[in-house]
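Have a look at the structure below before the remarks.
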Protein chains: 2
Amino acid sequence: MNEDKLFEILAEPNRRKILDYLRARERSVGELVALLSLSQPGISKHLRILRQAELVTVRKDAQQHLYRLNAEPLQGIHDWFEPYRQYWTNKLDDLEKQLDEEEQ
Amino acid sequence: MNEDKLFEILAEPNRRKILDYLRARERSVGELVALLSLSQPGISKHLRILRQAELVTVRKDAQQHLYRLNAEPLQGIHDWFEPYRQYWTNKLDDLEKQLDEEEQ
DNA sequence: CAGTTATATTTCCGTCAAGTTATATAATTA
DNA sequence: TAATTATATAACTTGACGGAAATATAACTG
């Protein structure tokens, strides 16, 4: 799964919410339907996309399908931001420097 | 500009490329047109969106409009990833631990 | 086995974003 | 001032996405 596709997948707010909910623990489809305000097919559709991106894994327990977070693919996207971090970090440094100077 | 909107804006590959190019230095619209394979109106359209999100600023030099990166708004999105970082960080720790054990 | 529960898939529809072409605006130059 | 250069905006088209409703599949229960 390439960077473009991953960004696109994460651009959908409900999908980000699903991932957020899965951070705590694995969840059944029904739980997610209850948590988000979306129809069951809507949830399943998003889960399929997350599955294909390997952002989640499933295991079956009787009729229930339990989804678990797999955060690894996020690392790639996270890395895109790395070169930009220095900008707000520097800005912060500047502020600190300014505050230090004001103390004199 | 809220998180949802920012994610959506960054989901577009050409917009990310524009930001990437602006990391080095400010650029005119014409330069960006030359760098990306998009029509001039296409570039201008993306620049407008980036401007509204305050991800870029403009200054005018004669006919040229020079765009400069403003990375600050990215911080908000970057923060979304923070709670997920431990997952791949832990995975890395596990690997290191495993490697250490293998050395015995 | 019939009915029920849990989830997935299909189909259809409306919306919206991204691209292009054409046009407008603004500054420069001959 | 007319022509040219640089950029922005408008109008239009098209494709893809997200949502709901309907249907299919699979497992459980009585």
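Since the structure is predicted, the reported quantities are computational estimates derived from the model, not experimental observations. The chains referred to below are lettered A, B, ... by the order of the sequence lines, with proteins before strands, and numbering in each begins at 1.
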Looking at [X], I'd like to know whether one of its side-chain N or O atoms comes within less than 4.0 Å of OP1 or OP2 on [N].
X: A:S39; N: D:dA20; answer: yes
X: B:Y67; N: D:dA8; answer: yes
X: A:H65; N: C:dA8; answer: yes
X: B:H46; N: C:dA18; answer: no
X: A:R51; N: C:dT9; answer: yes
X: B:R48; N: D:dT7; answer: no

Item to check | Which nucleotide in C:dA6, D:dG19, D:dA21 has an atom nearest any side-chain atom of A:Q63 | outcome: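 Looking only at heavy atoms from C-beta outward on A:Q63, the closest nucleotide is C:dA6.
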
Checklist entry - Picking from D:dA8, D:dG18, D:dA22, which would you name as closest to the side chain of B:P41? => result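 Per side-chain heavy atoms of B:P41, the pick is D:dA8.
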
Within the 4.0 Å heavy-atom criterion, would you say [X] contacts the bases, only the backbone, or no part of the nucleic acid?
X: B:L38; result: sugar-phosphate
X: A:E8; result: sugar-phosphate
X: A:G30; result: sugar-phosphate
X: A:K60; result: nothing

Checklist entry - When rounded to the nearest 0.5 angstrom, what distance separates CD in A:Q64 from CD in A:E31? => result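 Here the interatomic distance stands at 7.0 Å.
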
Item to check | Rounded distance (nearest 0.5 Å) linking atom CG of B:L10 with atom CG of A:L10 | outcome: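 The distance works out to 11.0 Å.
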
Checklist entry - Can a donor-acceptor pair be found between the side chains of A:R51 and A:Y67 at a distance below 3.5 Å? => result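 Side chains of A:R51 and A:Y67: pair found under 3.5 Å.
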
Just the rounded figure in Å: distance from [atom2] of [N] to [atom1] of [X].
X: B:E12; N: D:dC17; atom1: CD; atom2: P; value: 13 Å
X: B:L47; N: D:dA6; atom1: CG; atom2: P; value: 16 Å
X: B:I43; N: D:dA8; atom1: CD1; atom2: P; value: 11 Å
X: A:F7; N: D:dA16; atom1: CZ; atom2: P; value: 22 Å

Checklist entry - If you find the nucleotide of DNA chain D closest to B:K45 and the one closest to A:R15, which residue's nucleotide is nearer the 5' end? => result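 Closest to the 5' end, via its nearest nucleotide, is B:K45.
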
Next on the checklist: Show, in sequence, the C-alpha distance, side-chain angles and deciding distance for A:R23 and A:D20, and conclude whether the salt bridge (Lys or Arg N to Asp or Glu O under 4.0 Å) test is met.
Outcome noted: CA-CA 5 Å; A:R23 266 197 350 251; A:D20 285 339; 3.1 Å; yes

Next on the checklist: Can you say whether a donor on the side chain of B:Q40 sits under 3.5 Å from an acceptor on the base of D:dA8, or the other way round?
Outcome noted: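 Looking at the base of D:dA8, it does pair with a donor or acceptor on the side chain of B:Q40 (distance under 3.5 Å).
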
Next on the checklist: If you assign B:A62 and A:Q64 each to the DNA chain C nucleotide with the nearest heavy atom, which residue ends up on the more 5' nucleotide?
Outcome noted: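 Its nearest nucleotide being more 5', the pick is A:Q64.
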
Checklist entry - Mind checking whether B:F7 and B:W80 have parallel, tilted or perpendicular rings, split at 30° and 60°? => result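 Perpendicular, since the angle between the ring planes exceeds 60°.
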
